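One structure below.
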Amino acid sequence: MKVAAGIDIGGTNAVAAIVLADGKIETRFNFPIKKFPAIENLVDELSDAILKNCEANNFELIGIGIGAPNGNFYSGSIEFAPNLPWKGIIPLAKMFQQKCNVPSWLTNDANAAAIGEMIFGAAKGKKDFLMVTLGTGLGSGIVANGELIYGHDGLAGEMGHTIVVRNGRQCGCGRKGCLETYCSATGLVRTIKEWLQDGKKSSLNNIDINSITSKQIFEAAENNDALALEAFRFTSEMLGMALADAVAYTSPDTIVLFGGLVNAGNLIIGQTKHYMEQNLLHIYKNKVTIVASQLPESDAAILGAASLVWKESKA
């Protein structure tokens, strides 16, 4: 049986899966990024896991698709990803191709998630939509007229690194005020930490400030903690305003939100929709739907990455 391997390189974990042509995930592997100070070690472990699984199940591996931050589809390289421990330009597709001896393709992780959502999820049948991933950082995939937008250099769709506050928060990319420093799981935590350090009161005062997580902030908000609720409102306002600007570029009919922060439900989705509508140019008002991904959080990028194999290999 022919199979593809889909790999999702995130800021925290690297997840790989064996995927059939119909999108069924056969086997999944999960490796914490911090275990691998050298990218070569991660490639070795993932490759070994994939090849051993294919051999054990008599699968024919026809290719590997990879979604990664700052992934360039044209070059097959990760290029200066701020949220990964490995710096510079990493020829990841070539590394997997050499290790596994099968064709390999790479794209931006949010682009991979957009492909997965378009084929199997909330954007199925959609020709104009935005995919926004809210995890460690903020990624985006842009689909217009049924085609994923790569740009002339393969690096289009970096909405997380549009500047929303001049001289604002320091970003891992080296600049200040990027959207992802405010609208991501990490950004939410930074907001709460700044406010607590300013002396604002919250049930979160009982937690070591250096260990506060976005999950704890969500739990506090569920328990009607005023500061946690305000942090979600502020995050949603920033995201809603940014999406109102993004709509003006491609006029999507749908925006799909994906990632851990979306688990907060209407604390993010409903409020973001409100602030987006409030800031939209009149001609776009009430035309754009914001929805949560319909794929399990760990599946969209993997399925999208694997779909690169089926598409590019013509298998």
Side-chain angles (χ1 to χ4, degrees), residues 5-18 27-54 61 64-73 75-102 104-113 133-139 154-155 158 160-161 169-175 178 180-181 184-190 193 208-215 259-261 297-298 301-302 304-306 308:
I7 299 174
D8 175 30
I9 307 290
T12 307
N13 293 296
V15 183
I18 304 299
T27 312
R28 189 190 305 270
F29 315 96
N30 195 320
F31 297 95
I33 291 294
K34 63 183 179 183
K35 264 188 65 181
F36 304 98
I39 184 64
E40 290 83 2
N41 301 134
L42 177 62
V43 171
D44 286 347
E45 285 223 24
L46 277 175
S47 298
D48 287 345
I50 290 166
L51 292 173
K52 285 176 181 176
N53 185 269
C54 288
L61 181 67
I64 297 171
I66 310 152
N70 288 43
N72 187 325
F73 176 73
S75 68
S77 299
I78 296 175
E79 301 188 5
F80 307 101
N83 293 320
L84 293 179
W86 320 294
K87 303 308 176 188
I89 297 176
I90 303 165
L92 198 59
K94 183 178 179 181
M95 293 170 76
F96 275 104
Q97 187 159 319
Q98 290 175 340
K99 182 72 179 176
C100 297
N101 199 31
V102 293
S104 300
W105 296 270
L106 176 141
T107 190
N108 180 281
D109 51 348
N111 286 345
T133 63
L134 301 169
T136 305
L138 186 150
L155 295 172
E158 287 294 338
H161 295 289
R169 293 175 180 172
Q170 183 66 52
C171 182
C173 74
R175 302 181 307 152
C178 289
E180 75 170 34
T181 67
S184 61
T186 309
L188 178 69
V189 170
R190 287 179 75 167
K193 283 184 176 180
D208 176 10
I209 195 169
N210 294 314
S211 65
I212 290 174
T213 66
S214 57
K215 184 174 185 287
L261 208 55
E297 186 179 335
S298 57
I302 287 173
L308 284 173

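No hydrogens, no waters, no symmetry mates; every other heavy atom, side chains included, goes into these values. Just so we're clear, the structure is a prediction, and the values are computed from it rather than from any experiment.
Residue M95 comes nearest to V43 through the heavy atom pair CE-CG2, 3.9 Å, listed as atom of the first residue, atom of the second, then distance. Listed here is the closest heavy atom pair of T181 and C178: OG1-O, 2.6 Å. The heavy-atom pair separating A305 from G6 by the smallest distance is CB-CA, 4.2 Å. In plain terms, the two heavy atoms of G11 and T136 that are nearest each other are CA-OG1, 4.3 Å. Smallest separation of non-hydrogen atoms from V189 and I212: CG1-O, 3.6 Å. Contact record, G137 with S184: O-CB, 3.5 Å, taken as the closest heavy-atom pair.
Rounded to the nearest 0.5 angstrom, C100 SG and I50 CD1 are separated by 5.5 Å. Atom CD1 of residue I18 and atom CG of residue N53 lie 5.0 Å apart, to the nearest 0.5 angstrom. The distance from atom CZ of F96 to atom CG of N101, rounded to the nearest 0.5 Å, is 14.5 Å. Here the CD-OG1 distance, from E180 to T186, works out to 7.5 Å after rounding to the nearest 0.5 Å. Between the CD atom in E45 and the CZ atom in F31 there is a gap of 5.0 Å [rounded to 0.5 Å].
A salt bridge (Lys or Arg N to Asp or Glu O under 4.0 Å) check over residues 80-101, counting only residues at least two apart or in different chains, returns the pairs D44-K99.
Every residue two or more places apart in sequence or in another chain that forms a side-chain contact (heavy atoms from CB on, under 4.5 Å) with V15 is listed here: N13, R28, N30, I302. For N210, the side-chain contact (heavy atoms from CB on, under 4.5 Å) partners are D208, not counting sequence neighbours. Partners of F73 according to the ring-ring contact (aromatic ring centres under 6.0 Å, His included) rule, which considers only residues two or more places apart in sequence or in another chain, are Y150. Residues passing the side-chain contact (heavy atoms from CB on, under 4.5 Å) test with A93, sequence neighbours excluded: S104, L106. Taking R190 as the reference, nothing meets the salt bridge (charged side-chain N to carboxylate O under 4.0 Å, His left out) condition, with sequence neighbours excluded. Residues satisfying the side-chain hydrogen bond (donor to acceptor under 3.5 Å, both in side chains) criterion with R175, sequence neighbours excluded, are absent altogether. Under the salt bridge (charged side-chain N to carboxylate O under 4.0 Å, His left out) criterion, D48 pairs with no residue at all, not counting sequence neighbours. Scored by the side-chain hydrogen bond (donor to acceptor under 3.5 Å, both in side chains) test, S47 finds no partners at all (sequence neighbours excluded). Listed by chain and number, the residues in a side-chain hydrogen bond (donor to acceptor under 3.5 Å, both in side chains) with S75 are E79 (sequence neighbours excluded). Residues that satisfy the side-chain contact (heavy atoms from CB on, under 4.5 Å) test with A14, not counting sequence neighbours, are I9, I33, L42, L46. In terms of the side-chain hydrogen bond (donor to acceptor under 3.5 Å, both in side chains) criterion, residue partners of E158 (sequence neighbours excluded) are, by chain and number, N108.
Sparse packing is recorded around NZ of K215, with 12 or fewer heavy atoms of other residues, nucleotides or ligands lying under 6.0 Å away.
Counting only heavy atoms from C-beta outward, the side chains of I7 and L92 never approach each other to under 4.5 Å.
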*Taking it one step at a time, do L84 and N70 satisfy side-chain contact (heavy atoms from CB on, under 4.5 Å)?*
CA-CA 10 Å; L84 293 179; N70 288 43; over 6 Å; no
Test log, rule side-chain contact (heavy atoms from CB on, under 4.5 Å), inputs K35 and N41 = CA-CA 9 Å; K35 264 188 65 181; N41 301 134; over 6 Å; no
CA sep, side-chain torsions, deciding dist, call: I66, W105, side-chain contact (heavy atoms from CB on, under 4.5 Å): CA-CA 6 Å; I66 310 152; W105 296 270; over 6 Å; no
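A donor-acceptor pair under 3.5 Å links the side-chain atoms of T133 to the main chain of G139, judged by distance alone.
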